[in-house]
Amino acid sequence: MSLMTDRRAVSDGGSPLPVSLKQPRLPRWTPPVFALVAAGAGYGIGQAAGLDSTVQCALIAGAVFVLGTFALAAGVEGARQAKDRLATSLVWLAFLIAVVPLASLLWETVARGTKVLDGYFLSHSMGTTPDALPGGGIYHAIIGTLEQVGLATLIAAPLGLLTAIYLVEYGRGKLARVVTFFVDVMTGIPSIVAGLFILSVWILILGFGPSGFAGAMALAILMMPVVVRSTEEMLKLVPNELREASLALGVPKWRTILKVVLPTSIGGITTGVMLAIARITGETAPVLLLVWGAKTINNNPFQDAQQSLPLYVFQQWQQGSDASYDRAWAAALVLIAFVMILNLVARGIARWKAPKTGR
Amino acid sequence: MNTSSTTDIPPLPPHDRSAVSGKAVRPGDRIFLGLSRGSGIALLAIMAAIAVFLTYRSVLAISGDKANFFTTLDWNATGTDPKFGIAVLAFGTLVSSLIAMLIAVPVAVGIALFISHYAPRKLSSPLGYVIDLLAAVPSIIYGLWGALFLVPHLSGLYSWLDDYLGWTGIFSYSGGAARSLFTVGILLAIMILPIVTSVSREVFLQVPKMHEEAALALGATRWEVIRMSVLPFGRSGIISASMLGLGRALGETMAVATVLSPSFLINTSLLDPGGGTFAQNIASKFSEADQFGQDALIASGLVLFVITLLVNGAARLIIARRKEYSGAAA
């Protein structure tokens, strides 16, 4: 406050300014250096208080850093700058807090997963391997996942694509609005509820047994709204001039859609479908209810229980022995790699085939 | 766009003119419209079927329930005297999701701001990419990590909380494995972080540059710019992102089933093991349930379905009210 009044007095007098107009600022190296100080303080306090958890030390260090920077800035730079610095340090802290568990998740999966992951693990089923002993593999789970996800895609992708075409190309009026609303509602269905629905119809009422196909139907319910949403977005990006040009030449509407609209947006649609596949690949709950899991290879998705990768992870975790934990981590690594590769390829296609909309 | 491709199409022969004029509908068009409209209707039919069949099985279960379905603190759906109720599940689901929201939303908004406004420009778009990738990590992997890594690392923190906050009753901890509702809340928070972050980030990136530059030109600090132009613009986006995250947290199955050690007690001490959630209860009780037991689980699933519908519907309404934030419609 005194600084402000001083300055006003000086400028009123009209004499050359004796003080700089710039407010005093902390030097640029303050935050990193202070972060080191805070880390040291956190470690020191933790040692002094005999805390055994690094989490606690980190929390103390974070608190020291945030409050310390605030106090320092409030003293040197004034209240507004101090608030700004407080926000900056909180935002950085939020980022670090989030990075730690997510990085640890990936690190643990890779580190523990590579222990038993080899060619044998990928090419053999559990068969008669006892759960508590090392050995066995995930071949049956990979087969199951591929078949279930493939079937789900065969059901959901055409339905979803056609629904999106209806909404964008034909959809006016009440039906389109209702469909749009329920697509939104459908995106929010918990996976276990989709599983329960197929369970009630397919198994409890129609009397079929567990099979890969039952799981695929539940997965298709989860996949459909995602496909509709993403395809819709992509179709909307297709410039109207293209449609009009084609229609003006007398091309029927359905041929316009098939030959002009879809080829223009095919990259984005592929991306959307692949992201949807990546999403349902990791679903465990419906598979648990409908496919049940098996220890041996079952190539027929329409008959009897099958295995799937996420369910395999869960069941191996349930066994609770060291060997089964190792297998669970290895299968988790395979699953995560599969999902990540799908994601990366999908996003690559999106970038490569992006429609040129001139935006 | 490309004029050369249009010249390839030969001009229409004269006799086809009649088909172009008027409202003559070609069979191809009719079939295509029928197919696409049919899929839309199929989607509605699936939704209706979900509601109808879940309700039907639930009615069977609830009418066979010898105790109050909503207030009973037990889940015994077998034998001649089935007594089960969702009180514990409702409590556990709401409490764990609430903890997840309290942790995840501020942090996610922080990360979203970090990516959109604080991170060095070169870092921000790869970071957004990584966050989107993390949103795709399957929940069972979070569950495995939570059970085998997070749980053993939390007991130290919990005894610390117990030392200083144990008097509240909420944070009292009696030792043992940290398989509690609070752990579930933390794990759910970590799980929904990427999705909440990625939706909020998209909204923040849509803030008109002019608003921010105007604030900067008036001498605002970076925080003031964010408070005056970014947050007001992104408020409804943040709300709907949180609701989407809440919807996921409510319906999450595997991560809860692996981490929680369930019991049918409402325990006010959140750090101690116990409680349960709808989805977790279905997954862990399913293998030993007979047909009536499965119906009972379906009844609890119906309650979960209704709750998530309400949450998601609210989120969609908020988005629809501010249509211009198309980025929030993820």
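Naming convention: chains lettered A, B, ... in sequence-line order (proteins, then strands); numbering from 1 in each chain.
- Going from atom CD of A:Q318 over to atom OG of B:S284 covers 9.0 Å, rounded to the nearest 0.5 Å.
- Contacts of B:L309 with chain A are made by side-chain atoms alone, with heavy-atom separations under 4.5 Å and no backbone atom involved.
- Contact annotation for A:W292: only side-chain heavy atoms (C-beta onward) come within less than 4.5 Å of a heavy atom of chain B.
- Taking the side chain as every heavy atom from C-beta outward, B:T253 and A:P190 never approach each other to under 4.5 Å.
- The contact between B:L193 and chain A is made entirely by side chain atoms (from C-beta outward), counting heavy-atom distances below 4.5 Å.
- In this structure, B:G40 and A:V179 approach most closely via the heavy-atom pair O-CG2, 3.9 Å.
- At least one side-chain heavy atom of B:M254 sits under 4.5 Å from a side-chain heavy atom of A:F314.
- A:S200 and B:R57 get closest at one heavy-atom pair: CB-CG, 3.5 Å.
- For A:L59, the part sitting under 4.5 Å from any heavy atom of chain B is the side chain, from C-beta outward, and nothing else.
- Remark: A:P310 engages A:T145, A:T284, A:S308, A:L335, B:I140 in a side chain to side chain contact (heavy atoms under 4.5 Å, CB included) (not counting sequence neighbours).
- Ranked by non-hydrogen atom pairs under 4.5 Å with chain A, the options B:L144, B:L127, B:I111 are led by B:L144.
- Counting all heavy atoms, side chain and backbone alike, A:M224 lies closest to B:L43 at CE-CD1, 3.3 Å.
- Annotation: side chain of B:F149 is in contact with side chain of A:R112 (closest heavy-atom distance under 4.5 Å).
- Heavy-atom distances place both the backbone and the side chain of B:F305 under 4.5 Å from chain A.
- In this structure, chain B has a heavy atom under 4.5 Å from the side chain of A:I257, while its backbone stays farther away.
- In this structure the side chain of B:Q294 reaches within 4.5 angstrom of the side chain of A:L204, judged on heavy atoms.
- For chain B, the nearby part of A:L199 is the side chain; its heavy atoms alone come within less than 4.5 Å.
- The candidate with the highest count of non-hydrogen atom pairs below 4.5 Å against chain A, out of B:L134, B:I141, B:V225, is B:I141.
- Ranking A:R80, A:K253, A:R279 against chain B, the residue ahead of the rest is A:R80, based on heavy-atom pairs under 4.5 Å.
- With respect to chain A, the highest number of heavy-atom pairs below 4.5 Å among B:V311, B:L154, B:L54, B:L302 belongs to B:L54.
- Heavy atoms closer than 4.5 Å to chain A are found in both the backbone and the side chain of B:Y142.
- Among the residues in residues 88-95 of chain A, those with a non-hydrogen atom closer than 4.5 angstrom to a non-hydrogen atom of chain B are A:T88, A:V91, A:W92, A:A94, A:F95.
- The parts of B:T258 that come within reach of chain A are both its backbone and its side chain, each placing non-hydrogen atoms under 4.5 angstrom from that chain.
- Using a 4.5 Å cut-off between heavy atoms, B:A49 contacts chain A through both its backbone and its side chain.
- Heavy-atom distances place no part of A:E241 under 4.5 Å from chain B, backbone and side chain included.
- The CG atom of A:N343 lies 8.5 Å from the CG atom of B:D132; values are rounded to the nearest 0.5 Å.
- A distance of 6.0 Å separates CG in B:L44 from CG in A:L175, rounded to the nearest 0.5 Å.
- The 12-atom threshold is exceeded at CZ of A:R347, counting heavy atoms of other residues, nucleotides or ligands nearer than 6.0 Å.
- Heavy atoms of A:V185 lying under 4.5 Å from chain B belong to its backbone as well as its side chain.
- Contacts with chain A were tallied for B:L150, B:L113, B:I190, B:I41; B:I190 has the most, counting heavy-atom pairs under 4.5 Å.
- In this structure, the side chains of B:V137 and A:M340 come closer than 4.5 Å at one or more pairs of heavy atoms.
- For A:V183, the parts lying near chain B are the backbone and the side chain together; criterion is any non-hydrogen pair under 4.5 Å.
- For the pair B:D29 (side chain) and A:W254 (backbone), a donor-acceptor distance under 3.5 Å is present.
- When the candidates A:G195, A:A285, A:P101, A:G282 are compared by the number of heavy-atom contacts under 4.5 Å with chain B, A:P101 comes out ahead.
- Taken to the nearest 0.5 Å, the CZ atom of A:R85 stands 9.5 Å off from the CZ atom of B:R222.
- Interface residue A:L258: only side-chain heavy atoms are found under 4.5 Å from chain B.
- Separation of atoms CG (B:N312) and CG (A:D184) is listed at 9.0 Å; rounding is to 0.5 Å.
- By the neighbour-count criterion of 12 heavy atoms within 6.0 Å, atom CG of B:D290 is densely surrounded, having more than that number from other residues, nucleotides or ligands.
- Within 6.0 Å of OH on A:Y170 lie more than 12 heavy atoms contributed by other residues, nucleotides or ligands.
- In terms of heavy-atom pairs under 4.5 angstrom with chain B, the leader among A:F182, A:W317, A:F181 is A:W317.
- Pairing each heavy atom of A:G188 with each of B:T308, the nearest pair is O-CB, 4.1 Å.
- Atom CD1 of A:I192 is separated from atom CG of B:L304 by 8.5 Å, given to the nearest 0.5 angstrom.
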Start with the C-alpha distance between B:V52 and A:F197, add both sets of side-chain angles, then the distance that settles side-chain contact (heavy atoms from CB on, under 4.5 Å), and finish with yes or no. CA-CA 9 Å; B:V52 167; A:F197 164 61; over 6 Å; no
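- Interface check for chain B: of the options A:A87, A:P252, A:A278, the most heavy-atom pairs under 4.5 Å are formed by A:P252.
- Heavy-atom distances place both the backbone and the side chain of B:I50 under 4.5 Å from chain A.
- A heavy-atom distance below 4.5 Å is found between the side chains of A:I189 and B:M47.
- Neither the backbone nor the side chain of A:L167 has a heavy atom closer than 4.5 Å to any heavy atom of chain B.
- Here the shortest heavy-atom pairing between B:S39 and A:L162 reads OG-CB, 3.0 Å.
- Residue A:V99: no heavy atom, backbone or side chain, is found under 4.5 Å from chain B.
- Between chain B and the options A:L96, A:L288, A:L105, the largest number of non-hydrogen pairs under 4.5 Å is found for A:L105.
- Side chain of A:D84 to main chain of B:W223: a donor-acceptor pair is present (N/O by atom type, distance under 3.5 Å, no hydrogens or angles).
- Interface check for chain B: of the options A:L275, A:I165, A:T281, A:I205, the most heavy-atom pairs under 4.5 Å are formed by A:I205.
- Between A:L102 and B:V130, the closest side-chain pair of non-hydrogen atoms is not below 4.5 Å.
- Contact detail for A:A98 and B:V107: the closest heavy-atom pair is CB-CG1, 4.2 Å.
- Top candidate by heavy-atom pairs under 4.5 Å with chain A, chosen from B:E224, B:R227, B:H117, is B:E224.
- Proximity of A:S104 to B:W145: side-chain heavy atoms (C-beta onward) are separated by under 4.5 Å at one or more points.
- Looking at A:L106, the atoms closer than 4.5 Å to chain B (heavy atoms on both sides) all sit in the side chain, from C-beta outward.
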